[in-house]
Amino acid sequence: MHSREQIRLWLFTAMLSAIVAITPFSTDLYLPAMLNMAVDFNVHITLIQQSLSLFLAGYGLGMFIFGPMMDKYGRRPFVLWGILGFTFASVLSGLTTDIEWFLGWRFIQALSGAAATVAIPGYIKELYGKDTPKGMSYLNLIMMLAPLVAPSVGSLMMTLGQWNLIFFLLAAYGVIILVLAIFWLHVPSDQQKHHRSQYSFISNYQRVFSKRGVKLDILTSFFASFAFFCYITDSSFVFMQVFGLDKYTFSIIFASNVGILILASFINGRLLGYYGPTTLLAMGTLLAILAASGLVVVNMMGLSYGFTLVMLYPFMGCLWIMSVNADSIILMKFKKEVGTASAVIGTLKFGSGAFAGPLLAIFHSGSAVPFSSLLLGGVLLACLSQGGNYFLKH
């Protein structure tokens, strides 16, 4: 590929990644402002926290609805109208003074965001072809980096003013990516109807789930995401309560995951040409099991947090390699039902986060053992899913 074409592809991928980022930014950017919001709305903070669950529910519903629809009617209109709806809902979320209206606008914000983001893996598959895993690497990197960066940005916004600024920032972000999409988001398949699925809403889902081996691939992606959300959910308790670290030290540890994921992205991209996504998925899973097993051991022995980090960092890198390759394997099995497949992947990814908190609460013991055990359990179940696929093929 010529250098000019390569640069254009990178820029286009960056724009698609920016569209994907609206959802994790929307879920995590306002986390530092929840207490202030509860005071302003004169409600208990648990009601503000429920807005996050409502957003995730709206996002999952939106992906479920819009994924098959764009397979049939084309992706571009859903992306543009989705970003526009997201922008308006963000503005109105920041302006409202009534908690019921706020919850309603958040739900619409989620539905609109889903319409825009569920189309993006299809564009990546079209642009990258057999190199889809490389393109998906960039998207998954954004999906994992955004939850790590967003709370820090939200805290910065709170130092500049009220919580409303966070939603106005989301609206401004929406305007920028909408303008970029209007002028740049043009690919051949948007005009070629023969690239679209001719099946009904339900039939598209039936075709996705009836594809040989795809259910087990989806389970692999689900369990990898579950482990990631376990880390996001319980890491503050582990490092600040169990190990007694201050907020500053914890923020450094949390932010250092960015470097780990970038390194994992680089390694995955380099090795894809030699081994392919299936082999890298298996290798990443095996190494993740070893790292998670070490994590359980050091926490059962009550060793210092330094030993936990030694095991946790390679685990997070391997987890990222698992996620990106599992998603790519699923998408590459479809030609006209990519939107539906993306909807299944995305809905289950965010749905896995709903299981993390309750399970951590059930097994809570005041130590880091339940945390590390659930991480190990997630990758072991992913390994079992891959083993099932291996036996199906042989």
Side-chain angles (χ1 to χ4, degrees), residues 20-31 34 49-60 63 110 113-114 117 139-151 154 218-240 250 253-258 260-261 264 284-285 288-289 291-292 295-296 308 311-313 315-327 344-364 368-383 385:
V20 168
I22 64 176
T23 301
F25 274 135
S26 298
T27 56
D28 291 3
L29 200 64
Y30 79 128
L31 295 181
M34 282 188 170
Q49 291 172 333
Q50 287 176 19
S51 68
L52 180 57
S53 299
L54 185 67
F55 184 95
L56 293 176
Y59 185 74
M63 296 193 83
T117 58
L139 291 185
N140 278 269
L141 185 60
I142 292 296
M143 290 295 289
M144 288 191 171
L145 290 182
L148 304 178
V149 175
I218 290 171
L219 282 176
T220 299
S221 176
F222 174 83
F223 289 125
S225 297
F226 168 76
F228 178 75
F229 276 106
C230 282
Y231 172 77
I232 293 292
T233 302
D234 211 38
S235 58
S236 60
F237 167 78
V238 169
F239 287 107
M240 297 176 66
F250 169 67
I253 291 174
F254 199 72
S256 64
N257 286 281
V258 174
I260 297 299
L261 298 183
T285 304
I289 290 173
L295 191 62
V296 172
T308 293
M311 299 298 173
L312 191 60
Y313 282 149
F315 174 80
M316 292 300 291
C318 293
L319 194 62
W320 185 90
I321 291 174
M322 289 173 61
S323 180
V324 66
N325 287 296
D327 293 351
V344 172
I345 294 170
T347 301
L348 290 178
K349 272 184 181 295
F350 280 88
S352 68
F355 291 95
L359 284 176
L360 287 164
I362 290 171
F363 295 108
H364 178 78
V369 174
F371 163 77
S372 52
S373 298
L374 282 176
L375 296 185
L376 175 59
V379 292
L380 282 174
L381 289 171
C383 183
S385 300

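As a basis for the values below, the full set of heavy atoms in this structure was taken, side chains included, without hydrogen atoms, waters or symmetry mates.
Thr285 meets the side-chain hydrogen bond (donor to acceptor under 3.5 Å, both in side chains) test with Gln386; sequence neighbours excluded. Listed by chain and residue number, Phe209, Val214, Ile330, Val344, Leu348 satisfy the side chain to side chain contact (heavy atoms under 4.5 Å, CB included) test with Ile218 (two or more places apart in sequence, or in another chain). A search for side chain to side chain contact (heavy atoms under 4.5 Å, CB included) contacts involving Thr308 returns Phe239, Phe243, Leu295, Val298, Asn299, not counting sequence neighbours. Among residues two or more places apart in sequence or in another chain, the side chain to side chain contact (heavy atoms under 4.5 Å, CB included) test is passed with Ile260 by Tyr313, Met316. Residues satisfying the side-chain hydrogen bond (donor to acceptor under 3.5 Å, both in side chains) test with Ser221, not counting sequence neighbours, are Asp327. Annotation: side chain to side chain contact (heavy atoms under 4.5 Å, CB included) contacts of Cys318 (sequence neighbours excluded): Leu287, Ala288.
The distance from the CZ atom of Phe229 to the CG atom of Leu375 is 13.5 Å, given to the nearest 0.5 Å. Leu380 contributes atom CG, which lies 11.5 Å from atom CG of Leu374 (distance to the nearest 0.5 angstrom). Note: Met63 CE to Ile345 CD1 = 8.5 Å, rounded to the nearest 0.5 Å. To the nearest 0.5 Å, atoms CZ (Phe315) and CG (Leu376) are separated by 8.0 Å.
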**Message:** Please determine whether side chain to side chain contact (heavy atoms under 4.5 Å, CB included) holds for the pair Phe228 and Ser323, giving the CA-CA distance in whole Å, both sets of side-chain angles, and the decisive distance to 0.1 Å.
**Reply:** CA-CA 10 Å; Phe228 178 75; Ser323 180; over 6 Å; no
**Request:** Quick one: do Tyr231 and Leu319 satisfy side chain to side chain contact (heavy atoms under 4.5 Å, CB included)? Show the steps, please.
**Result:** CA-CA 11 Å; Tyr231 172 77; Leu319 194 62; over 6 Å; no
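For Ile289 against Cys383, the heavy-atom pair with the smallest separation is CD1-CB, 3.7 Å. Taking both residues in full, the closest heavy atoms of Gly378 and Phe223 are given as O-CB, 3.3 Å, listed atom of the first, atom of the second, then distance. Ala326 approaches Thr220 most closely through the heavy-atom pair CB-CG2, 4.0 Å. For the pair Ala368 and Val238, the tightest heavy-atom approach, listed with the atom from each and the gap, is CB-CG1, 3.9 Å. Considering every non-hydrogen atom in both Leu219 and Ser385, the closest pair reads CB-OG, 3.4 Å. Across Ala110 and Tyr59, no two heavy atoms sit closer than the pair CB-N, 3.5 Å.
You'll find the side chain of Asn257 stays beyond 4.5 Å of the side chain of Leu312, heavy atoms only.
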